Amino acid sequence: MANNIQAIRGMHDILPERSPVWQWLEDRVRAVLEGYGYREIRTPLVEVTDLFKRSIGEVTDIVEKEMYNVEERGGEGLSLRPEGTASCVRAAIEHGLLAQAQRLWYRGPMFRRERPQRGRYRQFHQVGVEVLGIAGPDIDLEVILLTRRFWQVLGLGELRLEINSLGDSHERARYREALVMHLQAHHDQLDADSHRRLLTNPLRVLDSKNPDMQPVVASAPSLRDFLGAASRTHFDAICAGLDEAGIAYSINPRLVRGLDYYNRTVFEWITDALGAQGTVCAGGRYDTLVEQLGGRATPAVGFAMGLERLIELIDAREADALAAPDAYLVAVGERAQARALLIAEDLRDRMPTLRLVCHCGGGSFKSQFKKADRSGARVALVLGEDELARGMIGIKPLRANSEQQVVSIDALAPHLAAAI
RNA sequence: GCGGACGUAGCUCAGUUGGUAGAGCACCUGGUUGUGGCCUAGGUGGUCGUGGGUUCGAUCCCCAUCGUUCGCCCCA
């Protein structure tokens with residue numbers, strides 16, 4: 001291990017043993033998104049640093065200390081994307097997508113130079129959705145319904161939904177002032193983190209996990225009291241919709257956001273199974289972002305979910321079973337091995353969807369059968385020198401206790417089709 | 001970024017009050033078996049994360065470093 005190069009901190013390989021779950025997750029998620037008419041958008045992993053400064057916010061941790069910046073000779077600063085929304089909006093503006101409403105989704109790796117922990121990695125993967133150009137609360141609701149369907153399809157229980165409204169930017173600004181005043185009045189009761197947050201993101205103080213902070217937090221003014229009629233109506237409509245759809249949720253007035261661009265609706269799906277990194281999916285409305293990035297004012301809602309966190313909640317058995325090959329071709333003896341490759345090719349020609357592993361590299365019947373078992377294949381095709389001499393090949397069900405069937409090599413395909 | 005824990009074969013771990021290490025699973029070979037699944041005999045495989053220090057001698061002590069992990073911070 002001494003001089004070996006290893007993957008860098010917080011960035012991990014997904015090994016073949018694990019990839020079936022990833023593929024299963026990605027396939028199912030994609031199927032749901034297509035079922036709602038969302039279309040995939042793929043954007044570069046690298047963007048001009050300024051894009052993230054202007055969208056996420058200059059004073060956020062992400063921008064201040066967690067971005068991977070890359071140098072380009074004589075050019076402007078570039079960064080590995082720490083999230084997906086900014087790129088989507090940039091692309092939508094750049095290519096005139098905003099002429100009509102857009103339901104977009106994306107997936108891929110994101111990069112944040114944080115201290116790694118379970119559920120928090122320096123390269124991690126998100127699937128996200130961005131709906132651009134629809135203002136009403138019905139689309140907020142659709143997006144939440146969509147996420148609930150994810151959990152149904154993925155077999156996840158035990159996720160709870162928390163929602164809140166941040167109001168529009170004016171309401172939020174007024175609240176922020178009131179909150180800062182309150183916090184300053186109790187300055188001596190704040191812990192070090194909260195002192196810092198007072199300057200950077202005062203709303204975050206409400207989120208404090210320090211029990212000593214609870215009195216100050218509890219006596220703070222409530223954001224809800226600062227919402228205007230329009231914001232309230234919007235929020236109430238969503239709550240009513242959730243009720244009708246039978247989605248349990250709790251309104252968490254302290255649910256705020258680390259990213260600057262959110263307004264009105266914010267929501268999070270949370271699990272207790274992952275310790276400190278329990279938020280599996282989070283999103284909300286960001287009606288001012290498009291304009292902020294130079295596009296014409298366009299309402300927007302979206303969310304992102306962390307795939308590593310979801311993977312931890314998924315039972316991998318079904319995925320592993322789906323990933324197994326249909327058949328495993330066992331061939332013992334030099335001539336049989338050489339012939340096996342050709343037989344396998346012929347089968348793949350005749351059965352385009354067949355998943356067939358042809359054993360290579362020799363070995364005894366015993367060792368080859370062992371591998372066939374491991375592969376999860378339903379049947380083994382058995383080709384020994386004696387079978388080969390007679391132009392025959394064996395079809396033997398694995399796992400089940402049934403008899404080997406010996407058929408002519410020329411007539412193998414239909415027999416194999418019947419056996420799997 | 002802050003504080004704590006951990007780092008021994010591919011995997012899960014045991015162990016040495018300091019004298020260069022073991023088990024189970026996996027892998028390879030053989031026996032038994034109706035050519036694999038059970039059972040059984042044997043074998044390969046580790047400079048005990050890395051670098052330095054203390055010591056006659058360190059995997060076990062000390063320091064540093066890298067990595068993982070728990071909480072904080074942050075967030076998906």
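Numbered from 1 within each chain, the chains take letters A, B, ... in sequence-line order. Just so you know, these numbers use all the heavy atoms, side chains as well, and skip hydrogens, waters and symmetry mates. Just so you know, these numbers come straight off a predicted model, no measurement behind them.
- Here the side chain of A/Arg309 pairs no donor or acceptor atom with the backbone of A/Val280 at under 3.5 angstrom.
- Side chain to side chain, A/Glu130 and A/Thr85 meet the donor-acceptor criterion of an N or O pair below 3.5 Å.
- Checking B/G18 for Watson-Crick or G-U wobble geometry (two distances, each under 3.5 Å) identifies no partner in any strand.
- For the pair A/Phe369 CZ and B/U29 C1', the computed distance is 19 Å after rounding to whole Å.
- On the P atoms, B/G49 is 14 Å away from B/A21, given to the nearest whole Å.
- Counting only distance, with no hydrogens or angles, the side chain of A/Gln214 and the backbone of A/Asn210 share a donor-acceptor pair below 3.5 Å.
- You'll find a donor-acceptor pair under 3.5 Å spanning the side chain of A/Gln404 and the base of B/U35, going by distance alone.
- Checking B/U65 for Watson-Crick or G-U wobble geometry (two distances, each under 3.5 Å) identifies B/G49 as its partner.
- One N or O donor and one acceptor, one from the side chain of A/Lys366 and one from the base of B/G31, sit under 3.5 Å apart.
- A donor-acceptor contact shorter than 3.5 Å links the side chain of A/Arg122 to the backbone of A/Glu114.
- Smallest separation of non-hydrogen atoms from A/His195 and A/Leu190: CE1-O, 3.3 Å.
- In this structure, A/Asp13 places its CG atom 14 Å from C1' of B/G67, rounding to the nearest Å.
- Of the possible donor and acceptor atoms, none in the side chain of A/Arg112 sits under 3.5 Å from a partner among the backbone N and O of A/Glu66.
- Comparing the C1' positions of B/U50 and B/C66 gives an interatomic distance of 7 Å, to the nearest angstrom.
- B/A58 and B/G19 are spaced 9 Å apart, taking the C1' atom of each and rounding to whole Å.
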Does the protein touch nucleotides 69-76 of chain B at the base, only the backbone, or not at all? Give it as B, S and - per nucleotide, heavy atoms under 4.0 Å. BSBBBBBB
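- On the P atoms, B/G1 is 45 Å away from B/U44, given to the nearest whole Å.
- With a 3.5 Å ceiling on both atom-pair distances, B/C75 lacks any Watson-Crick or G-U wobble partner.
- In this structure, the side chain of A/Glu158 does not engage the main chain of A/Asp272 through any donor-acceptor pair within 3.5 Å.
- Taking the six-membered ring for Trp and thresholds of 30 and 60 degrees, A/His359 and A/Tyr328 have ring planes inclined between 30 and 60 degrees apart.
- Whole-Å rounding puts the A/Phe365 CZ to B/C28 C1' distance at 19 Å.
- The separation of B/C72 from B/A14, taken at their P atoms, amounts to 27 Å, rounded to a whole angstrom.
- Checked by distance alone, A/Asp373 brings a side-chain donor or acceptor within 3.5 Å of a matching partner on the base of B/G36.
- On the P atoms, B/A9 is 29 Å away from B/C2, given to the nearest whole Å.
- The 12-atom threshold is exceeded at CZ of A/Arg148, counting heavy atoms of other residues, nucleotides or ligands nearer than 6.0 Å.
- Put simply, CZ on A/Arg378 is 17 Å from C1' on B/G37, counting in whole angstrom units.
- Look at B/G37: it lacks any Watson-Crick or wobble partner with both distances under 3.5 angstrom.
- The partner of B/C11, taking Watson-Crick or G-U wobble pairs whose two distances both stay under 3.5 Å, is B/G24.
- The pairing partner recorded for B/U59 is none, the criterion being a Watson-Crick or G-U wobble arrangement whose two distances lie under 3.5 angstrom.
- Comparing the P positions of B/U69 and B/U8 gives an interatomic distance of 14 Å, to the nearest angstrom.
- The gap from the C1' atom of B/U59 to that of B/G18 amounts to 10 Å, rounded to the nearest Å.
- Pair assignment for B/U32 gives none, since no Watson-Crick or G-U wobble pairing has each distance under 3.5 Å.
- For B/C28, one of the phosphate oxygens OP1 or OP2 lies less than 4.0 angstrom from a side-chain nitrogen or oxygen of A/Lys371.
- With rounding to whole Å, A/Glu17 atom CD is found 10 Å from B/G10 atom C1'.
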